[in-house]
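Structure, as structure tokens:
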Number of protein chains: 2
Amino acid sequence: MKKVDILKKLRSSGLRPTKQRVEIAKFLFDRDTTFHFTIESLENHLTKKTSCKFALATIYNTIHAFKKAGHLSEVDVRGKKTYFDTNITNHHHFYDNETSELIDIDTSEIVIQKIPKAPNGKKIKNVEVFINLKN
Amino acid sequence: MKKVDILKKLRSSGLRPTKQRVEIAKFLFDRDTTFHFTIESLENHLTKKTSCKFALATIYNTIHAFKKAGHLSEVDVRGKKTYFDTNITNHHHFYDNETSELIDIDTSEIVIQKIPKAPNGKKIKNVEVFINLKN
DNA sequence: TTTTTACTTTAGAATTATTATAAACTAGAA
DNA sequence: TTCTAGTTTATAATAATTCTAAAGTAAAAA
Ligand SMILES: [Mn+2]
Ligand SMILES: [Mn+2]
Ligand SMILES: [Zn+2]
Ligand SMILES: [Zn+2]
């Protein structure tokens, strides 16, 4: 992924390319495998890997703008912190309780043979499979 | 379910049968269908349906004791509040985004034909299917 | 029964994750 | 360069949850 794509992510999220935002966008999107993170873990990575200072509010604001623009998704994980995901396609997860890590599962890797019909007047929006791991 | 069962729930959770705890236990376990709730919704129901006063801390403490004893389970739902479940068997859920309500799905109603194997050195602990509903 | 003890309830303080605020700063237009 | 709207930041506010310690109560001991 080139720098022009980073700028595109920012522009399409309605964000000016400031120093902090470019660093965040590069960190999130300039990689070839999915990245799952919390705001806290992202902050740690950013302060470790860049020479830039980040107010927590800037990280929250930028991540929310990316999410709103569809560049990030959110994953439900037990616990108090919100998990975000750079994989915005429909997919499933392994969750390692020991390490608190998420691992992507492509939809093609899970086949559901039988599923109940939605309650009266409702439709199925999407199906999420969450596989808890143990040692 | 008889009162003796309520007392058994309390005893097996290491809790003395006080007025508040008996009311909470009756409200949660003296019913024949699953009850999904947040601490806030439970507090509302309790103050509405009983003549007893409940400190929030008492509700939190009691629910956590029940959960620790295995009488309640927790469900991951998007949002900030923790959801609890009186159904402690392995099962799945519909989630209605409009009403924020959970509906149980028995494991027999979902058949998974193909599932990826767990990552190296890990085992599958359980599989949770979460079906989001829309109108 | 009364007394004693350990456990419980409670109001309010503390903590944690998140969101809001408003003053100082800056990218990009004019 | 100057101007303006948007941005960063420290800090305050909020929401869910947990902690605390004083006052109350269940159940054991006497
Ligand atoms: Mn969560
Ligand atoms: Mn949750
Ligand atoms: Zn993912
Ligand atoms: Zn359930």
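Chain naming here is simple, since letters A, B, ... match the order of the sequence lines and numbering starts at 1 in each.
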Separation of [N] [atom2] from [X] [atom1] (nearest whole Å):
X	N	atom1	atom2	answer
B:F37	D:dT17	CZ	C1'	15 Å
B:E74	D:dT17	CD	C1'	12 Å
A:R11	C:dA27	CZ	C1'	14 Å
B:N61	C:dT9	CG	P	8 Å
A:L7	C:dA27	CG	P	14 Å
B:Q20	C:dC7	CD	P	18 Å
B:E43	D:dT17	CD	P	12 Å

Checklist entry - Hey, does the side chain of B:R21 come within less than 4.0 Å of C:dT9's phosphate (OP1/OP2), counting only N and O? => result yes
Checklist entry - Under a single-linkage rule joining Ile, Leu, Val, Met, Phe, Trp and Tyr whose side-chain heavy atoms are separated by less than 4.5 Å, which residues share a cluster with B:V111? => result none
Item to check | Remaining members of hydrophobic cluster (4.5 Å side-chain criterion), B:I88 | outcome: none
Checklist outcome for this item: Residues of residues 44-55 of chain A with a heavy atom under 4.0 Å from any atom of DNA chain D, listed by number, are A:K53, A:F54, A:A55
Next on the checklist: Using side-chain heavy atoms (C-beta onward) and a distance below 4.5 Å, is A:I105 in contact with A:V129?
Outcome noted: no
Next on the checklist: List the residues meeting side-chain hydrogen bond (donor to acceptor under 3.5 Å, both in side chains) with B:E109, not counting sequence neighbours, and say none if there are none.
Outcome noted: none
Checklist outcome for this item: So salt bridge (Lys or Arg N to Asp or Glu O under 4.0 Å) across residues 53-64 of chain B, not counting sequence neighbours, yields none
Please produce a list of atom pairs where a protein N or O lies less than 3.5 Å from an N or O of nucleotides 26-30 of chain D.
{"unit_1": "D:dA26", "atom_1": "N3", "unit_2": "B:R16", "atom_2": "NH1", "d": "3.3"}

What nitrogen or oxygen pairs link the protein and nucleotides 15-19 of chain C at under 3.5 Å?
{"unit_1": "C:dT18", "atom_1": "OP1", "unit_2": "A:T82", "atom_2": "N", "d": "2.9"}
{"unit_1": "C:dT18", "atom_1": "OP1", "unit_2": "A:T82", "atom_2": "OG1", "d": "2.7"}
{"unit_1": "C:dT18", "atom_1": "OP2", "unit_2": "A:Y60", "atom_2": "OH", "d": "2.7"}
{"unit_1": "C:dT18", "atom_1": "O5'", "unit_2": "A:Y60", "atom_2": "OH", "d": "3.2"}
{"unit_1": "C:dT19", "atom_1": "OP2", "unit_2": "A:H64", "atom_2": "NE2", "d": "3.4"}

Next on the checklist: Applying ring-ring contact (aromatic ring centres under 6.0 Å, His included) as the test, list every pair that has at least one member in residues 94-135 of chain A; sequence neighbours left out.
Outcome noted: A:Y95-A:F130
Item to check | Any donor-acceptor N/O pair, B:D76 side chain to A:R78 backbone, under 3.5 Å | outcome: yes
Going by the rule ring pair (Phe, Tyr, Trp, His ring centres under 6.0 Å), which residues pair with [X] if we only count those two or more places apart in sequence or in a different chain?
X	result
A:H36	A:H93
B:H71	none
A:F37	A:F35, A:F84

Next on the checklist: Filter on side-chain hydrogen bond (donor to acceptor under 3.5 Å, both in side chains), then keep only pairs touching residues 126-135 of chain B, sequence neighbours left out; what's left?
Outcome noted: A:K122-B:N135
